[in-house]
2 protein chains.
Amino acid sequence: MEIQLQDVSLDLEFEKYEAKFKALADRKRLQILHLLTKQKSICVCDLSPLIDMPQSKLSYHLKILLDAGLIVKETRGTWSYYGIDENEINGILSDKLCCLFKTDCC
Amino acid sequence: MEIQLQDVSLDLEFEKYEAKFKALADRKRLQILHLLTKQKSICVCDLSPLIDMPQSKLSYHLKILLDAGLIVKETRGTWSYYGIDENEINGILSDKLCCLFKTDCC
DNA sequence: ATTATTAATCAAAAATAATTGATTAATACC
DNA sequence: GGTATTAATCAATTATTTTTGATTAATAAT
């Protein structure tokens, strides 16, 4: 009984991290994260030319990162500004990935 | 020129981590990793019933983890024994994931 | 020797995810 | 008010991954 309950909550953990790793499992999204580490926040219209990606595609990938809780969004007027969720990233990634995907490194 | 070269090597980094995160982006594979943390090594035939997965499917998932460099394999006779690649896992995952996917925790 | 077990691989089908271009709704600008 | 810009969403297509059951090659056990 105890074991069963523990298994269920473990499964929920695996499900949770599956979603987060899935969001990280794309070179374009990793590039987006890397760019976001370099500024506090940036809007879609400025990010789009930076990574050479059409707006609809970029919005799609940003939504995946947002739904996974890896980035945060703030809307001001028609603009949406995105930035890294530092706590979340630090809770998942090794310090050795500092320069690539974390803020205040390098 | 410098910037261009740097961009190319960054792209290679993203590509590398894409593969690793892709391997982690599956709840079954996370479950496999978790089980592997609990013993030094285990063969496919013993792992299969533990996670209730047919052999061919398990081999498929183990190959993905192996190709990503997250686990290691040692063949003895007809048996293949798999175990966690600690260095690799430590280089990617936060210490906060210790109890789930790392050895010698909890 | 013969039979059984182990584990990798294969090919086909099913399920998921990514891309594309268009549309929409909201806000900004003149 | 009218036009332009911003970014999310949609539907259709394309691409990728996963599942399944069967086959194969190697070794083990009798």
Side-chain angles (χ1 to χ4, degrees), chain A residues 11 14-33 35-36 39-85, chain B residues 11 14-33 35-36 39-85:
Chain A
D11 282 348
F14 296 147
E15 204 173 322
K16 176 177 123 189
Y17 286 109
E18 174 188 71
K20 291 182 192 295
F21 288 130
K22 215 165 245 175
L24 290 166
D26 182 283
R27 70 191 70 179
K28 297 286 179 57
R29 291 196 288 268
L30 292 177
Q31 195 190 352
I32 292 171
L33 281 180
L35 281 170
L36 292 184
Q39 33 227 304
K40 273 215 193 64
S41 77
I42 185 168
C43 70
V44 179
C45 57
D46 288 343
L47 197 51
S48 177
L50 265 182
I51 60 168
D52 188 32
M53 191 184 274
Q55 177 269 321
S56 74
K57 193 170 165 180
L58 180 52
S59 280
Y60 168 77
H61 285 295
L62 285 169
K63 183 167 173 25
I64 286 172
L65 290 168
L66 186 67
D67 288 348
L70 300 174
I71 60 176
V72 292
K73 169 171 130 172
E74 192 200 345
T75 300
R76 289 203 289 276
T78 28
W79 287 272
S80 289
Y81 292 88
Y82 288 89
I84 294 283
D85 187 326
Chain B
D11 282 349
F14 297 148
E15 206 173 323
K16 176 176 124 190
Y17 287 108
E18 175 188 70
K20 291 182 191 297
F21 289 129
K22 217 167 242 173
L24 291 167
D26 182 284
R27 70 190 71 179
K28 296 287 178 58
R29 291 195 288 269
L30 292 178
Q31 194 191 354
I32 292 171
L33 281 180
L35 281 170
L36 292 184
Q39 34 227 306
K40 270 212 196 66
S41 77
I42 185 168
C43 70
V44 180
C45 57
D46 288 342
L47 197 50
S48 177
L50 265 183
I51 59 167
D52 188 32
M53 192 183 273
Q55 178 269 321
S56 74
K57 193 170 165 179
L58 179 52
S59 280
Y60 167 76
H61 286 295
L62 284 169
K63 184 167 171 26
I64 286 173
L65 290 168
L66 185 68
D67 288 349
L70 301 173
I71 61 176
V72 292
K73 169 171 128 173
E74 191 200 346
T75 300
R76 288 203 289 275
T78 30
W79 288 271
S80 289
Y81 292 88
Y82 288 89
I84 294 282
D85 188 325

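In this text, all values refer to a predicted model and were calculated from it rather than measured experimentally.
- When rounded to the nearest whole Å, the span between CG of A/Leu62 and P of D/dT6 equals 15 Å.
- Rounded to whole Å, the distance from CG on A/Leu58 to C1' on C/dA18 is 14 Å.
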Using the 3.5 Å cut-off, write out each protein N or O paired with an N or O of nucleotides 9-11 of chain C and the distance between them.
none

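- Scanning all heavy atoms of the two residues, the minimum distance from B/Leu30 to A/Glu18 falls at CD1-N, 3.6 Å.
- Shown for residues 65-75 of chain B: no residue has heavy atoms falling under 4.0 angstrom of DNA chain D.
- Atom CG in A/Asp85 sits 11.5 Å away from atom CG in A/Leu36 (nearest 0.5 Å).
- Note on A/Ile64: only backbone sugar-phosphate atoms sit closer than 4.0 angstrom, heavy atoms only; bases stay farther off.
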Can you name the atoms? Protein N/O to nucleotides 26-30 of chain C N/O, anything below 3.5 Å, with the distance.
none

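- We find the CG-NZ distance between B/Leu24 and A/Lys22 to be 12.5 Å, quoted to the nearest 0.5 Å.
- For the pair B/Lys28 NZ and D/dT17 C1', the computed distance is 13 Å after rounding to whole Å.
- Here the side chains of B/Tyr17 and B/Lys20 are in contact, with some heavy-atom distance below 4.5 Å.
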Give the table of side-chain donor-acceptor pairs shorter than 3.5 Å for residues 39-58 of chain B, with sequence neighbours excluded, one pair per line with atom names and distance.
from    : atom 1 : to      : atom 2 : distance (Å)
B/Gln39 : NE2    : B/Leu35 : O      : 3.4
B/Ser48 : OG     : B/Met53 : O      : 2.6
B/Gln55 : NE2    : B/Ser59 : OG     : 3.1

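- The shortest distance between the side-chain N/O atoms of A/His61 and the OP1/OP2 oxygens of C/dT19 is below 4.0 Å.
- Using a 4.0 Å cut-off, no side-chain N or O of B/Tyr82 falls inside it from OP1 or OP2 of C/dT6.
- Taking 4.5 Å as the limit, every side-chain heavy atom of A/Tyr82 sits out of range of all side-chain heavy atoms of A/Leu65.
- Following rounding to the nearest Å, B/Phe21 (CZ) and C/dA17 (C1') show an atom-to-atom distance of 19 Å.
- The CZ-P distance, from B/Arg29 to D/dT19, rounds to 8 Å in whole Å.
- End-to-end axis angle for the helix from C/dA1-D/dT30 to C/dC30-D/dG1, using five pairs per end and rounding to 10°, comes out at 20°.
- The distance between atom CD of A/Glu18 and atom P of D/dT17, rounded to the nearest whole Å, is 15 Å.
- Rounding to whole angstrom units, NZ of residue B/Lys22 and P of C/dT16 are separated by 17 Å.
- Interatomic distance, B/Arg27 CZ to B/Ile32 CD1, rounded to the nearest 0.5 Å: 13.5 Å.
- Note: CG (B/Leu47) to C1' (C/dA8) measures 15 Å, nearest angstrom.
- The shortest distance between the side-chain N/O atoms of A/Tyr81 and the OP1/OP2 oxygens of D/dT6 is not below 4.0 Å.
- A/Ser80 has a side-chain polar atom (N or O) that falls below the 4.0 Å cut-off from OP1 or OP2 of D/dA8.
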Under 3.5 Å, sequence neighbours excluded: what are the donor-acceptor pairs made by side chains of residues 68-77 of chain B?
from    : atom 1 : to      : atom 2 : distance (Å)
B/Glu74 : OE1    : B/Arg76 : NH1    : 3.0
B/Glu74 : OE2    : B/Arg76 : NH1    : 3.2

